[in-house]
Amino acid sequence: MYNSKITGLGFYVPDNIVTNEDLTKMMDTSDEWIQERTGIKERRWIPEGSEDTSAVMGAKAARIAIERAGLTKDDIDFIVFATLSPDYYFPGCGVMIQDLLEMPTVGAIDIRNQCSGFVYALSTADQFIKTGMYKNVLVIGSEYHSNGLDKTTRGRGVSVIFGDGAGACVLSRTEDNNKGILSSHLHSEGKYAEKLTVLSPSIKKWVPEIFKNIDTDVSYFPYMDGTFVFKHAIVRFTEVIHEGLKANNLTTDDLDLFIPHQANLRISQFVQHKLKLSDDQIYNNIMSYGNTTAASIIIALTEAWEKGKIKDDDLVVLAAFGSGFTWGSVIIRW
Ligand code: UT7
């Protein structure tokens, strides 16, 4: 069996910075509330008139990752794309990457696991490489949240949290079994599907039905039972990190860098405290980008790598929790 390792990383965020102060002009909120509850100072939102979408941003991040891997688009065997904000209801964004990057007609799939999307996507790509089916898989996480948020006081509990952006990596075959992805651990608990969701349009409730009560129907905006999600997140994050470390006979002392899904700085800090990690063992950037869902881990991983925080042989752990509920971890020897 082969192993897989990350050979190239890239990310792209729109230039348009939206500060907490900017949000106070749209809704009843404050910089103090947002920073105190979430740690977020600013996020990027695609500005009006921009051609950026989840697929377009994903393609921009992918070009950087492929180049840094020392490859060309023609070396990529398969595309895995994670998003909850696809350009179309169908088809998914993966196929759009094939087109935008003018790649040969390689296969492409979309992963629909929201905040855990990148962890699921990386794990999926890893299986294709471990079985020997593919050599180089392009893995993308990208989100265009800002066009789908309720940016009024009614939606403030959700809309202040989310940002737009994309990250990508190339996962490549290696014959060194001590390097690369050591294992991944994935979970779901669908009974909580409606605790963090966009209910419609869906096949159960299509667009004309929303229009019947357009002034009161908010089912097409993201809904989150924030406190409920928070309580589950801190438990599941901790569990799935321990599960991953234990599977590899490792402990938190072995961990060089933990990159949590950037859901809320308070969640990351709680998990850091619970695992007794030093500030050098964790990387957070939610302060600058907000929660970019499927893109958050890969943006943070890329940024940490660019800042020289990841060295050869480091033990890097990625973990996520979110809508579904879904959660998971990936254990990497760099
Ligand atoms: O990434 C996927 C997973 N997502 C998460 O893990 C998110 C988990 N949850 C959270 O991060 C937090 O629950 C939130 C940041 C979403 C909310 O923080 P909270 O401390 O749970 O606040 P809350 O929802 O209990 O609301 C407290 C108060 C409410 O007012 P009352 O009822 O106490 O008068 C809200 O109406 O804060 C109010 N509020 C706001 N005030 C100012 C809610 N949103 C805002 C806002 N600005 N943006």
Side-chain angles (χ1 to χ4, degrees), residues 11-58 60-61 83-87 114-115 141-167 195-201 207 210-211 213-230 233 261-269 284-296 299-300 303 322-323:
F11 82 97
Y12 168 83
V13 288
D15 290 336
N16 185 41
I17 296 173
V18 178
T19 64
N20 293 343
E21 203 53 42
D22 293 332
L23 296 182
T24 65
K25 292 166 198 137
M26 305 172 201
M27 62 188 84
D28 180 12
T29 189
S30 66
D31 178 46
E32 192 191 1
W33 190 97
I34 300 170
Q35 285 212 48
E36 196 180 295
R37 307 279 176 139
T38 71
I40 300 167
K41 294 182 179 170
E42 57 189 42
R43 74 286 293 136
R44 305 296 177 99
W45 279 358
I46 293 173
E48 234 179 277
S50 167
E51 288 184 355
D52 278 345
T53 63
S54 291
V56 171
M57 291 192 296
K60 289 178 180 175
T83 188
L84 66 67
S85 48
D87 292 28
Q114 300 69 246
C115 302
S142 182
E143 302 288 0
Y144 180 6
H145 281 303
S146 59
N147 204 32
L149 299 171
D150 179 357
K151 296 174 192 143
T152 68
T153 299
R154 187 178 62 181
R156 66 182 179 174
V158 171
S159 56
V160 301
I161 297 170
F162 292 100
D164 302 335
K195 294 290 182 186
L196 177 45
T197 182
V198 176
L199 288 171
S200 63
V207 178
I210 303 171
F211 270 101
N213 299 299
I214 195 65
D215 295 331
T216 51
D217 193 334
V218 288
S219 63
Y220 56 93
F221 288 126
Y223 164 79
M224 172 162 67
D225 182 341
T227 315
F228 189 87
V229 175
F230 194 107
H261 159 54
Q262 302 293 293
N264 180 325
L265 191 60
R266 307 298 159 231
I267 294 177
S268 297
Q269 288 167 335
N284 288 303
N285 63 3
I286 190 170
M287 304 73 91
S288 313
Y289 302 118
N291 177 342
T292 57
T293 313
S296 90
I299 292 176
E303 206 176 69
S323 163

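Note that the numbering runs from 1 along the sequence shown for the chain.
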Report task. Could you name each residue pair satisfying salt bridge (charged side-chain N to carboxylate O under 4.0 Å, His left out) that touches residues 214-228, not counting sequence neighbours? Result -> K195-D225, K205-D217

Report task. Would you confirm whether N291, through its side chain, and S296, through its main-chain N or O, come within 3.5 Å as a donor-acceptor pair? Result -> no

Report task. Rounded to the nearest 0.5 Å, what's the gap from CD on Q262 to SG on C115? Could you check? Result -> 11.5 Å

Query - Exercise: identify the closest heavy-atom pair between N284 and S268 - result: OD1-OG, 3.1 Å

Requested in this report: Test side chain to side chain contact (heavy atoms under 4.5 Å, CB included) on L265 and M287 and set out the steps.
Outcome: CA-CA 8 Å; L265 191 60; M287 304 73 91; 4.2 Å; yes

Query raised in the report: Do any N or O atoms from the side chain of S54 and from the backbone of Y144 form a donor-acceptor pair under 3.5 angstrom?
Result: yes

Query raised in the report: Shortest non-hydrogen contact from S142 to G58?
Result: OG-N, 3.7 Å

Query raised in the report: Do the side chains of L23 and V18 get nearer than 4.5 Å, heavy atoms only?
Result: yes

Report task. Hey, could you give me each pair passing salt bridge (charged side-chain N to carboxylate O under 4.0 Å, His left out) that has a residue in residues 141-158? Not counting sequence neighbours. Result -> D28-R156, D150-R154

**Report entry** E21, CD atom: more than 12 neighbouring heavy atoms under 6.0 Å
**Finding:** no

Report task. Using the salt bridge (charged side-chain N to carboxylate O under 4.0 Å, His left out) rule, collect all pairs that involve residues 34-44, keeping only residues at least two apart or in two chains. Result -> none

Query raised in the report: Is there side-chain contact between S323 and T197, with heavy atoms separated by less than 4.5 Å?
Result: no

Query raised in the report: Looking at CG of N264 and CD1 of I286, how far apart are the two atoms once the value is rounded to the nearest 0.5 Å?
Result: 5.5 Å

Report summary line: Closest heavy-atom pair, Q114 versus L84, reported as atoms and distance to 0.1 Å, is CG-CD2, 3.7 Å

Requested in this report: For residues A295 and A166, report the shortest heavy-atom separation together with the two atoms involved.
Outcome: CB-CA, 3.9 Å

Query - pair I40-F162: side-chain heavy atoms closer than 4.5 Å - result: no

Query - Between S85 and H145: side-chain donor-acceptor atoms closer than 3.5 Å - result: no

Report task. Please name the pair of heavy atoms, one in I46 and one in S146, separated by the smallest distance, quoted to 0.1 Å. Result -> N-OG, 3.7 Å

Query raised in the report: Out of curiosity, T292 OG1 to F11 CZ, how far, rounded to the nearest 0.5 Å?
Result: 10.0 Å

Query raised in the report: Can you name the closest pair of heavy atoms from D164 and W45 and give their distance?
Result: OD2-CA, 3.2 Å

